[in-house]
Amino acid sequence: MPDSDSVTARPFTTFNFRVRITVDENQLCQAAFSECDGLEMTMEPRTHREGGNNVTQYQLVGPMTYGQLTLRRGMTETFDLWDWFSRVTEGEYSLRTNVIVELLSSEWSGGAQTTSPVDARFTLAGCLPVKLRAPSLNATDNGVAIEELQIAYERMDAEIPDSSSDPASTTRA
């Protein structure tokens, strides 16, 4: 776990991120989005009371639920996301992907750096597309290719890459 001084010296920022959608370690498409929302998980606690103890209740870990990732205002040169949505709706239910959302360091410029460019990584597993919306078509507007993509996911893992010399070491959250 990073010490508190390193966290306050370089806080996480939300303006610099990248999203990768992969199928069996192969990238599904090359797309860029201006907004990413829905990284959430909720645990429903189960309340347990002991017989004869009327003043104490215990909260036990209950079932987990996950949010729905929403990617907005995206651009891509291919129809890979549309093809993925079509293949799933036509019966390829096993075509589940992983989505990796990485928060990039505000100090990283893409050149030589001393720390990892990734401040935090969220890996979403078992992803299925549930909504894909094109922008409204207007000849006087210069809208983007994908207005919104919503993805349901089964599990989310969060990790903070270690800024030590070993790039493979990470801290899981």
Side-chain angles (χ1 to χ4, degrees), residues 10-42 64-163 167-173:
R10 192 177 67 149
F12 296 134
T13 56
T14 60
F15 66 88
N16 195 6
F17 67 93
R18 67 178 166 212
V19 178
R20 293 184 286 144
I21 302 173
T22 60
V23 178
D24 298 327
E25 303 299 321
N26 297 317
Q27 190 162 322
L28 179 69
C29 77
Q30 187 79 311
F33 296 91
S34 65
E35 189 176 334
C36 176
D37 186 25
L39 295 170
E40 80 180 63
M41 53 187 177
T42 305
M64 294 289 296
T65 57
Y66 297 95
Q68 188 165 293
L69 188 71
T70 302
L71 302 169
R72 291 188 184 91
R73 290 177 287 291
M75 294 181 286
T76 182
E77 295 178 352
T78 67
F79 276 89
D80 291 341
L81 291 175
W82 297 91
D83 293 341
W84 174 42
F85 196 94
S86 294
R87 289 173 60 191
V88 168
T89 59
E90 290 171 0
E92 280 190 63
Y93 304 121
S94 63
L95 186 60
R96 298 187 179 249
T97 65
N98 288 332
V99 174
I100 300 166
V101 179
E102 294 175 322
L103 300 180
L104 303 176
S105 171
S106 60
E107 299 173 359
W108 189 66
S109 63
Q113 71 273 357
T114 57
T115 62
S116 169
V118 178
D119 279 343
R121 180 178 296 117
F122 299 92
T123 303
L124 313 178
C127 300
L128 286 175
V130 294
K131 182 177 181 179
L132 185 56
R133 185 175 71 182
S136 59
L137 303 176
N138 183 339
T140 62
D141 194 9
N142 59 353
V144 295
I146 299 168
E147 182 63 28
E148 181 175 271
L149 171 63
Q150 291 182 7
I151 299 172
Y153 54 96
E154 297 174 346
R155 191 181 75 248
M156 177 173 70
D157 293 320
E159 63 182 280
I160 301 170
D162 192 0
S163 61
S169 65
T170 58
T171 302
R172 290 211 173 265

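Remark: Lys131 engages Glu148 in a salt bridge, criterion side-chain N to carboxylate O under 4.0 Å.
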Worked verdict on Val118 versus Leu104 for side-chain contact (heavy atoms from CB on, under 4.5 Å): CA-CA 5 Å; Val118 178; Leu104 303 176; 4.1 Å; yes
Derivation and outcome, side-chain contact (heavy atoms from CB on, under 4.5 Å), residues Arg73 and Ile146: CA-CA 6 Å; Arg73 290 177 287 291; Ile146 299 168; over 6 Å; no
Steps toward side-chain contact (heavy atoms from CB on, under 4.5 Å) verdict (Leu149, Thr70): CA-CA 6 Å; Leu149 171 63; Thr70 302; over 6 Å; no
Audit row: Leu81, Ile21, side-chain contact (heavy atoms from CB on, under 4.5 Å) steps and yes/no: CA-CA 9 Å; Leu81 291 175; Ile21 302 173; 3.8 Å; yes
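Taking CD from Gln68 and CG from Leu124, the interatomic distance works out to 11.5 Å, rounded to the nearest 0.5 Å. Atoms CZ and CD1, from Arg96 and Ile151 in turn, are 12.5 Å apart once rounded to the nearest 0.5 Å. Separation of atoms CG (Leu95) and CD (Glu90) is listed at 11.5 Å; rounding is to 0.5 Å. The distance from the SG atom of Cys127 to the CD atom of Glu154 is 8.0 Å, given to the nearest 0.5 Å. Note: Met64 CE to Thr42 OG1 = 7.0 Å, rounded to the nearest 0.5 Å. Between Arg18 atom CZ and Cys36 atom SG the span is 13.5 Å, to the nearest 0.5 Å.
Contact annotation: the side chain of Asp37 approaches that of Arg72 to within less than 4.5 Å [non-hydrogen atoms, C-beta and beyond]. Residues Asp157 and Phe122 form no side-chain contact, since every pair of their non-hydrogen atoms from C-beta on lies 4.5 Å or further apart. Residues Thr97 and Thr22 form no side-chain contact, since every pair of their non-hydrogen atoms from C-beta on lies 4.5 Å or further apart. Inter-residue side-chain proximity for Trp82 and Leu132 is flagged as met; some heavy-atom pair is nearer than 4.5 Å. Looking at Arg20 and Val99, their side chains never come closer than 4.5 Å, going by heavy atoms from C-beta outward.
Applying the 6.0 Å contact sphere to CZ of Arg133 captures more than 12 heavy atoms from other residues, nucleotides or ligands.
Taking both residues in full, the closest heavy atoms of Asn98 and Gly126 are given as OD1-N, 3.9 Å, listed atom of the first, atom of the second, then distance. The shortest heavy-atom contact between Phe17 and Leu103 is CB-CD2, 4.3 Å. Of all heavy-atom pairs spanning Pro129 and Phe85, the tightest one is CB-CD1, 3.3 Å. Residues Pro161 and Asp119 share a closest heavy-atom pair of CD-O, 3.6 Å. Across all their heavy atoms, Met156 and Tyr66 have their closest contact at N-CE2, 3.5 Å. Taking each heavy atom of Phe33 and Gly74 in turn, the nearest pair found is CD2-CA, 3.4 Å.
For residues 77-88, the set of pairs meeting the salt bridge (charged side-chain N to carboxylate O under 4.0 Å, His left out) definition, not counting sequence neighbours, comprises Arg87-Glu92.
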